[in-house]
Amino acid sequence: MNESNTQVESVRIKIGCLQLLDTDGILTGELPTRLQEQDSIVELYRALVRNRVFDEQAVALQRTGRLGTFASALGQEAVSVGVATAMQSDDVMIPSFREQGGQLVRGVKPVELLRFWGGDERGSSFKIATHDFPVCIPVASQFPHATGVALAFKIKKEPRVAVVFGGDGSTSKGDFYEAMNMAGVWKLPVVFIIVNNQWAISTPRKEQTHAHTLAQKAIAVGIRGIQVDGNDAFAVVNSASEAIEKARSGEGASLIEAVTYRMSDHTTADDASRYRSDNEVAEHKESDPLLRMKRYLQNQLDWTDERELNLSKDVADEINAAIEHYLNADSAPPTDMFDYLYEHLPAGLTAQRDKVSSKT
Ligand SMILES: Cc1ncc(C[n+]2csc(CCOP(=O)(O)OP(=O)(O)O)c2C)c(N)n1
Ligand SMILES: [Mg+2]
């Protein structure tokens, strides 16, 4: 565990950064309890590959005019996939907008995600992960929701945990502090996952905050804050499991800063080459989370090219089938845009709805 120290007035803070798998795929600590079986490690790798293939295909769909704006998780897949692997099925995931890998682990279907990003809100009505929250675009607004979910669990005495995701940029927003503060005061079962991918669109981490780490923001509200190597899926599973189980057993909230790197553009509407150099991106290639897991599998589990190919093919088949389903499904009726915001539609909108309805 690497430790970074910072002196804040009279409070001495120590933030540990956990790594279990180095960039060569060598295990430097104990395997998390949840990953003792070889199958569970292969499952974790499959989930990472699924995230990557889904993202590649979603970007291709957007580039050919068949999907709206999309946010790829290229390079940071181990965060949401690792955290989702650590959750129990009746916990609640409250994602931001780059957690599709973890959502897929939770049972959200690829076609549902494609529908959402294709502008069809029916994609947010999950068939399996029914209690999980949909993608959240307004930055940091998901944090108070998570604190509210956790408060409900506490009041109802349900042994469940709310797990919420936000980026480095989101930690500059008031909602983040307010949500964390109340989670601390009420000792709520919520885990804040801060995905520090070094960029908030074109704003680098350095210009986001003068704080030495993002994890230390937890200390201000009296909850635990740790850093984890966010490109190390084992370390993410380990630290998330620990924080989630502490929350479940009544020990309150935690913040995990997962240190990673966004290798893609911010979204398909962005061109990152306008504000960061190719060299910077190239430097992070060696710490790719999939590469290090693959190296581990090759070193430890007799991972042959054939097994790799079979896995890639299975995943590609699944995603291609989801794309076919998405492209061939009926579009949502345009009247949907009026139907879900108000219990009783105001008169002005009723007239508009009638007009749209008469044209369809
Ligand atoms: C309230 C709000 N303000 C601004 C935006 C525009 N916006 C979208 S993503 C983003 C940056 C988010 O950065 P970060 O939290 O680091 O997440 P990342 O995109 O890196 O995953 C901004 C400013 C928004 N979606 N919501
Ligand atoms: Mg960011």
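Start at 1 and go down the list; that is how both ligands and their atoms are numbered.
Glu43 has a carboxylate O that lies under 4.0 Å from a charged side-chain N of Arg46, or vice versa, which qualifies the two as a salt bridge. With respect to the salt-bridge test (charged N to carboxylate O, under 4.0 angstrom), the residues Asp302 and Arg307 do not qualify. One finds a salt bridge joining Glu245 and Arg248 here, because a Lys/Arg side-chain nitrogen approaches an Asp/Glu carboxylate oxygen to under 4.0 Å. Ion pairing of Asp229 with Arg292 is present here, as a side-chain N (NZ or NE/NH1/NH2) and a carboxylate O approach within less than 4.0 Å.
The distance from ligand 1 to the heavy atoms of Asn197 drops below 4.0 Å at these ligand atoms: 18 (P), 20 (O), 21 (O).
Geometrically, ligand 1 and Pro138 share no nitrogen or oxygen pair separated by less than 3.5 Å. Residue Gln76 has no nitrogen or oxygen atom sitting less than 3.5 Å from a nitrogen or oxygen atom of ligand 1, judged on distance alone.
Metal site remark for the Mg ion (ligand 2): Asn197 contributes an N, O or S atom at a distance under 2.8 Å. Between the Mg ion (ligand 2) and Trp199 there is an N/O/S contact shorter than 2.8 Å.
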Yes or no on ring-ring contact (aromatic ring centres under 6.0 Å, His included) for Tyr45 and Tyr296, after CA distance, side-chain angles and deciding distance? CA-CA 10 Å; Tyr45 181 59; Tyr296 174 83; over 10 Å; no

Where do Asn231 and Gln76 land on the side chain to side chain donor-acceptor pair (under 3.5 Å) test, with the steps shown first? CA-CA 6 Å; Asn231 286 9; Gln76 59 181 73; over 6 Å; no

Apply salt bridge (Lys or Arg N to Asp or Glu O under 4.0 Å) to Asp168 and Lys206, showing your working. CA-CA 10 Å; Asp168 39 299; Lys206 277 199 299 292; over 6 Å; no

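Only the backbone of Trp199 comes within 4.0 Å of ligand 1, judged by heavy-atom distances. Residue contacts with ligand 1, taken as heavy atom pairs separated by less than 4.0 Å, involve His266 solely via side-chain atoms from C-beta onward. The part of Lys173 lying near ligand 1 is the side chain, judged by heavy-atom distances below 4.0 Å. Under 4.0 angstrom from ligand 1, the non-hydrogen atoms of Val139 come from both its backbone and its side chain.
The atom of Asp168 nearest to the Mg ion (ligand 2) is OD1, with the search restricted to N, O or S atoms.
In this structure, atom 21 (O) of ligand 1 lies nearest to the protein heavy atom Arg98 NE, 2.9 Å. Here the protein heavy atom with the shortest distance to atom 15 (O) of ligand 1 is Ser170 N, 3.0 Å. In this structure, the protein non-hydrogen atom closest to atom 14 (P) of ligand 1 is Gly169 N, 3.5 Å. Of the protein's heavy atoms, Ile201 CD1, 3.6 Å lies nearest to atom 22 (C) of ligand 1. Of the protein's non-hydrogen atoms, the one nearest atom 17 (O) of ligand 1 is Gly167 CA, 3.7 Å. Of the protein's non-hydrogen atoms, the one nearest atom 25 (N) of ligand 1 is Ile137 O, 3.0 Å.
Distances from ligand 1 to the non-hydrogen atoms of Val195 include no value under 4.0 Å.
Note: Asn197 CG to Arg205 CZ = 11.5 Å, rounded to the nearest 0.5 Å.
Gln216 and Thr213 share a side-chain donor-acceptor pair at under 3.5 Å. A donor-acceptor contact closer than 3.5 angstrom links the side chains of Asp271 and Ser273. Of the N and O atoms on the side chains of Arg106 and His131, not one donor lies less than 3.5 Å from an acceptor on the other residue.
Distances from atom 1 (C) of ligand 1 to the protein include at least one heavy-atom value under 4.0 Å. For atom 4 (C) of ligand 1, the protein comes within 4.0 Å by no heavy atom at all.
Arg98 contributes a side-chain N or O that, together with a main-chain N or O of Ser72, makes up a donor-acceptor pair within less than 3.5 Å.
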